[in-house]
Structures are given as structure tokens and as C-alpha cells.
Protein chains: 2
Amino acid sequence: MAIITRETDYALRALTGLALADDFLPVSTLAEQEEVPPDFLRKIMQRLHQAGIVESSQGPFGGYRLARSARRLSVLDVVETVQGPLVMSECISRPEICGRIDYCPFRRRLSALGAGLNAKLAKVRISDAANEIQSAREAAK
Amino acid sequence: MAIITRETDYALRALTGLALADDFLPVSTLAEQEEVPPDFLRKIMQRLHQAGIVESSQGPFGGYRLARSARRLSVLDVVETVQGPLVMSECISRPEICGRIDYCPFRRRLSALGAGLNAKLAKVRISDAANEIQSAREAAK
DNA sequence: GGGTATGAGACTGATATACTCCTATTATTG
DNA sequence: CAATAATAGGAGTATATCAGTCTCATACCC
Ligand code: FES
Ligand code: FES
């Protein structure tokens with residue numbers, strides 16, 4: 001089972017592309033650059049827009065750009081926006097449906113692992129990815 | 001999104017029950033104890049049996065028991081048996097479908113997180129859970 | 001052989017995933 | 001200032017997975 005869906009993967013690619021562009025970029029360009037089906041990316045960008053991660057401009061020369069610095073945008077933000085909160089299991093995340101909360105021997109251990117993963121995903125920033133691409137480009141010159 | 005499905009959750013409960021019983025236990029008893037739909041648990045036990053995690057005995061006084069010590073059975077084993085390998089993303093786990101393997105700035109970082117999570121899940125053993133239940137029972141006496 | 005238990009697997013409803021297509025809005029152009 | 005072209009916005013669809021049920025065959029004990 002994959003923890004990160006393709007939708008999130010595509011969103012990460014697109015946001016990295018936007019971080020490098022630093023200007024309004026249309027979905028068509030972004031989709032070609034990042035090798036994502038354009039119509040699918042359009043829908044993904046809408047969700048990122050609703051979540052306030054990107055700003056949009058319609059009409060010719062429009063497109064999307066980051067709404068905040070790539071340094072303040074983590075992989076966790078993107079995961080949570082696209083596929084919802086990342087949790088170890090439904091039973092752990094929702095005490096009201098658990099029913100064995102007092103004596104379940106896995107709850108504590110597994111929820112700690114979930115919290116750990118979330119913390120690590122929060123430390124990977126879009127700017128890290130953008131910087132890596134940037135460095136590679138300069139090295140290739 | 002939940003990393004561990006309900007099916008895996010049920011499997012963990014059942015295996016912990018078996019670890020405490022240390023004898024053949026029928027699915028009906030196990031299902032009642034662990035609060036799992038009996039027919040669903042039956043199917044889950046079949047998969048655990050195919051994977052060699054439990055042994056079965058048919059007929060009266062039959063049921064399932066652990067095929068190996070609970071100390072040698074980790075949560076990761078159960079996750080992989082029930083829901084397949086746990087990976088960060090499809091694109092990361094299958095280089096042949098990736099296409100951007102040489103320059104993807106997320107591949108290295110995220111696959112490291114995936115490996116870390118797998119390692120931690122491998123360190124949580126069914127015996128840990130069984131021991132915790134055992135201790136609680138003795139304390140309640 | 002009768003009764004109790006598991007084994008294998010087909011079948012189903014609901015939800016999520018991955019993607020497509022049509023519509024509304026904006027900016028330039030003649 | 002309308003027509004047009006470029007863009008985002010949002011509805012809709014096919015497939016897969018999840019979660020569970022049901023049936024029937026098989027093995028075992030008395
Ligand atoms: S978290 Fe609910 S039973 Fe374990
Ligand atoms: S792992 Fe394939 S594009 Fe990032």
C-alpha cells in the first residue's frame with residue numbers, strides 16, 4: 001500500500017515547478033514540464049487553490065503561483081490538503097469509534113509512529129526540492 | 001488517509017488473542033473476544049494461514065494458533081501479509097514506472113522516511129501487545 | 001455417519017482513486 | 001467594444017480497493 005497517492009505526487013511536482021518559476025504559470029506548461037495529465041493537474045491545482053496554497057489568475061498570461069514562500073510549505077501540508085490527515089489507522093485517529101480505547105495494546109505504540117512520520121514529513125519543504133533542482137541545473141551548465 | 005486498514009487492525013487483534021491463548025482457538029470465540037465480524041475474520045485468518053503465520057486444525061476443538069512465537073511476529077509482518085508491502089509512493093517503489101528517477105528531488109528523502117517507518121513497525125512485536133494485556137489482567141486481580 | 005469446525009472462494013455495496021470533459025471567466029485584439 | 005483565444009473552475013466517469021457477507025466443500029472427532 002502506498003502512503004502517498006499519485007494525486008499528491010503530482011501536486012508535489014507541480015508545486016516544485018511553481019517554486020522555481022516564481023511567476024504565474026499555466027497548468028498546460030506545468031503539466032508538460034512535470035509530466036502530469038493536464039486535465040488531472042487542473043483539478044489538483046483547484047484543491048491547492050481552495051486550501052490557499054496557490055493563487056490563481058484567469059485569462060491569457062494567467063495561471064497559478066505559490067501563495068506563500070516554498071520554505072513555509074511542507075510535504076505534510078500537501079499530503080493533508082490532497083488526501084486528508086495522515087493517520088496510522090482509523091481506529092486510532094477516532095477514539096469515538098474505537099470502543100477498546102482503554103486496553104488496546106497497539107494504540108499508544110502505533111499512534112506514536114504516526115506522529116513521528118507526520119513530524120518528519122513536516123520537515124521536508126518544497127524549497128528543499130526546488131533548491132536541489134536548481135543546484136543540479138547550475139552544475140549542468 | 002489511514003496507513004493501516006481495518007483488515008490489518010482486526011488481524012492484529014486476533015493474533016494478540018492467539019498469543020494469549022497459546023492453544024487452538026476457533027474463529028467464533030476469537031471474533032467475539034476481539035469484537036470483529038466473524039465471517040470477515042474467517043477470511044482474514046485464511047490469509048494469515050496462507051502466509052504461514054498461523055496453523056489451523058479442523059473439526060471440533062479445532063481453530064487457529066500461532067505458527068511461531070509471538071516474539072518473532074511483528075506488526076510489519078502482519079501489515080505486509082494483509083495489505084501488501086508498505087511503501088511511500090507507487091512511483092518511489094517501482095523505478096520502472098518512474099521516468100524521473102535521475103532528478104526527482106523527493107525520491108531519496110521520502111523513500112528514507114518509508115524505510116524508517118518499516119523498520120519501526122518491524123520492532124513492534126505481537127508479544128509486546130500480549131504482554132501488556134497480560135500485565136493489565138494481573139494488576140486487576 | 002452426524003455434527004462441528006475450518007478452507008476456498010464467489011459475490012456485493014460503498015468509497016476512493018485516477019482521470020476526462022464541459023463551462024465560466026479574463027485579457028488581449030481587431 | 002464585441003470577438004476570440006487563453007485560462008481556471010467544476011461536473012462527471014471508469015476502475016480499483018475496502019469491508020463485509022454468503023455458500024459450499026472438506027476435514028476431524030465421537
Ligand atoms: S485503537 Fe481502537 S482498538 Fe486499537
Ligand atoms: S519518485 Fe518517480 S518522480 Fe519522484
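Order of the sequence lines sets the chain letters (A, B, ...), proteins ahead of strands, with each chain counted from 1. Because only heavy atoms are used, hydrogens play no part in the values below, and waters and symmetry mates are left out as well, while side chains stay in. Computed from a predicted model, the values in this text were never measured in an experiment.
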Q: Using atom types as modelled and distance alone, determine if a side-chain donor or acceptor of A:Arg47 lies under 3.5 Å from a backbone N or O of A:Val82.
A: yes
**Q.** Nearest-angstrom distance from the residue atom CZ of A:Arg13 to P of C:dA18
**A.** 12 Å
Q: Give a yes/no answer on whether the side chain of B:Ser56 brings an N or O atom under 4.0 Å of OP1 or OP2 in C:dA5.
A: no
Q: May I have the distance from A:Gln50 (atom CD) to D:dA8 (atom C1'), rounded to whole angstrom?
A: 12 Å
Q) Out of C:dT6, D:dT7, C:dA18, which has the shortest distance to the side chain of A:Ser28? A) D:dT7
Q. Whole-Å distance between D:dA11 C1' and A:Arg47 CZ?
A. 15 Å
Q) When the distance from CE of B:Met1 to P of D:dA16 is rounded to whole Å, what number comes out? A) 17 Å
(Q) Counting primed atoms plus P, OP1 and OP2 as sugar-phosphate and everything else as base, spell out the protein contacts along nucleotides 21-30 of chain D at 4.0 Å heavy-atom distance: B, S or - for each nucleotide, 5' to 3'. (A) BB---BBBS-
(Q) Donor-acceptor pair, distance only, cut-off 3.5 Å: does the side chain of A:Thr8 make one with the backbone of A:Ile4? (A) no
Q) Think B:His49 has a side-chain N or O under 4.0 angstrom from the OP1 or OP2 of C:dT6? A) no
Q | Atom-pair distance (CE on A:Met45; C1' on D:dG9), nearest Å | A | 13 Å
Q. What's the CG-C1' distance between B:Asp9 and D:dG20, to the nearest Å?
A. 15 Å
**Q.** Separation of atom CG in A:Leu30 from atom P in D:dA8, rounded to whole Å
**A.** 9 Å
Q: Among A:Leu12, A:Asp77, A:Leu18, A:Asn131, find the one that has a side chain to side chain contact (heavy atoms under 4.5 Å, CB included) with A:Ile126.
A: A:Leu12
Q.
When you measure only distances, ignoring hydrogens and angles, does the side chain of B:Gln46 come within 3.5 Å of the base of C:dA8 through a donor and an acceptor?
A. yes
Q. Does CZ in B:Arg68 sit with more than 12 non-hydrogen atoms of other residues, nucleotides or ligands closer than 6.0 Å?
A. yes
Q) Does C:dA18 have OP1 or OP2 sitting under 4.0 Å from an N or O in the side chain of A:Tyr10? A) no
Q: Could you tell me whether B:Arg100 atom CZ has more than 12 heavy atoms of other residues or ligands within 6.0 Å of it?
A: yes
Q) Among pairs that include at least one residue of residues 50-93 of chain A, which meet ring pair (Phe, Tyr, Trp, His ring centres under 6.0 Å), considering only residues two or more places apart or in two chains? A) none
Q: With heavy atoms under 4.0 Å as the rule, sort A:Glu55 into base, sugar-phosphate or nothing.
A: nothing
Q. Between the main-chain N or O of B:Glu34 and the side-chain N or O of B:Arg13, is there a donor-acceptor pair closer than 3.5 Å?
A. yes
Q. B:Phe24 has an atom CZ; how far is it from atom C1' of C:dT6, in whole Å?
A. 11 Å
